[in-house]
Amino acid sequence: DEHGTISRVPDWQDDLRVALDLADRADRLTLDRFASTDLRVDRKPDRTPVTDADLRVEDEVRARLADLRPSDTVVGEERGGGASGGRDWLLDYLRRLPVWATLIALVAESRPVVGVVSAPALDRRWWASAGGGAWTSDSNGQVRRLRVSVVGSLADAYLSTTHLGSWS
C-alpha cells in the first residue's frame, strides 16, 4: 500500500480444520442416531421436522465453538441466533432420508470464508476456504480438488434445483 506495508491475506486453514473437526463430531452423532429405533421427531413452529439428533449436534457444535472460538457468534437452524457481522459460524442441516448432510460455514465480516458439507451416510464430504480452494473426498478416502466446469454453454450444462414451492 501507500505506506509500504504489505496487506496480509487471512489464512483460513486453522478455521477450516475447526470446521472439519466439527463435521467429524456431527457425523458420529448423526450416524449413531440414524439407525436408532427411538429417534424423536418434533415439529418446529414453521412445521418443519427437527430430531433429537439435530438438537444434539447443534448443542455439541455450539459447545465446541464456545471452547475454541469464544468470541465468535453461532447462528444455527435449530437454536437460532443473530449474525454479528464479525465472525459468524452458520449451522444448517439437509435431510432427505437416507441422505442427510451437516453444513458448517464461517462468515467473517459478512464474507463467507470457510465451508464444509458432510454427508456421512454417503461417506462424502466437500470443503473449501477462501484462498485455499475447494475439495472433496469420496467413500474410498480419495481427496481431490474441485474445479469449475469446462462446459462453456448454458444449453450444455446440467442444473439441479429444489422447487421453490416446496419452501412455502
Side-chain angles (χ1 to χ4, degrees), residues 9-36 39 41 43-51 53-58 60-61 65 74-81 83 85 87-168:
V9 175
D11 178 0
W12 301 104
Q13 293 307 302
D14 190 50
D15 289 309
L16 178 59
R17 280 188 286 279
V18 168
L20 291 168
D21 174 66
L22 296 172
D24 287 342
R25 292 166 183 270
D27 288 355
R28 284 191 295 275
L29 288 170
T30 57
L31 278 172
D32 178 55
R33 294 301 293 147
F34 176 69
S36 71
L39 184 70
V41 181
R43 296 267 177 216
K44 294 186 276 190
D46 66 1
R47 299 188 28 81
T48 58
V50 58
T51 70
D54 298 328
L55 296 170
R56 187 169 169 206
V57 166
E58 186 162 321
E60 181 157 326
V61 168
L65 284 170
V74 179
V75 181
E77 179 181 4
E78 309 308 342
R79 302 287 190 202
R87 289 176 47 94
D88 301 312
W89 291 88
L90 310 179
L91 310 176
D92 200 355
Y93 313 96
L94 294 175
R95 87 185 46 83
R96 177 146 306 195
L97 296 177
V99 179
W100 70 91
T102 300
L103 291 74
I104 301 169
L106 172 62
V107 176
E109 298 174 3
S110 301
R111 191 178 124 226
V113 293
V114 168
V116 175
V117 175
S118 190
L122 295 176
D123 203 15
R124 297 289 311 265
R125 185 175 284 176
W126 301 265
W127 65 94
S129 64
W135 303 84
T136 187
S137 62
D138 62 23
S139 60
N140 296 323
Q142 172 102 14
V143 174
R144 67 180 171 83
R145 187 179 186 111
L146 296 173
R147 303 211 185 290
V148 175
S149 172
V150 297
V151 174
S153 168
L154 186 58
D156 295 329
Y158 178 80
L159 176 67
S160 177
T161 184
T162 299
H163 183 271
L164 293 178
S166 67
W167 294 101
S168 59

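- Here the closest non-hydrogen pair linking S110 and P112 is O-CD, 4.1 Å.
- Residues S137 and V143 approach most closely at CB-CG2, 4.1 Å, considering heavy atoms.
- To the nearest 0.5 Å, atoms CG (L91) and CG (D54) are separated by 11.5 Å.
- Applying the side-chain hydrogen bond (donor to acceptor under 3.5 Å, both in side chains) test to D21 and every residue at least two apart in sequence or in another chain returns R25, R64.
- Around atom CD of E109, no more than 12 heavy atoms belonging to other residues, nucleotides or ligands sit under 6.0 Å away.
- Annotation: side chain of V116 is in contact with side chain of L20 (closest heavy-atom distance under 4.5 Å).
- Open room surrounds CZ on R144; 12 or fewer heavy atoms of other groups in view lie less than 6.0 Å from it.
- Note that CG of L106 and CH2 of W12 are 6.0 Å apart. Values are rounded to the nearest 0.5 Å.
- Nearest heavy atom pair, residue A23 against residue S118, reads CB-CB, 3.9 Å.
- Atom CD of residue E60 and atom CG of residue L55 lie 13.0 Å apart, to the nearest 0.5 angstrom.
- Scanning both residues, G115 and L16, for their nearest heavy atoms gives O-CD1, 4.4 Å.
- Heavy-atom minimum distance, P120 versus W100: CG-NE1, 3.5 Å.
- Closest heavy-atom contact between L65 and V74: CD1-CG2, 3.7 Å.
- A side chain to side chain contact (heavy atoms under 4.5 Å, CB included) with V117 is found for one member of D92, I104, L103 and no other, namely L103.
- Rounding to the nearest 0.5 angstrom, the gap separating the CD atom in E58 from the CG atom in L29 is 12.5 Å.
- Counting only heavy atoms from C-beta outward, the side chains of R124 and D138 approach each other to under 4.5 Å.
- For the pair V18 and W89, the minimum side-chain heavy-atom distance is below 4.5 Å.
- With sequence neighbours excluded, the residues satisfying salt bridge (Lys or Arg N to Asp or Glu O under 4.0 Å) with D14 are R17, R69.
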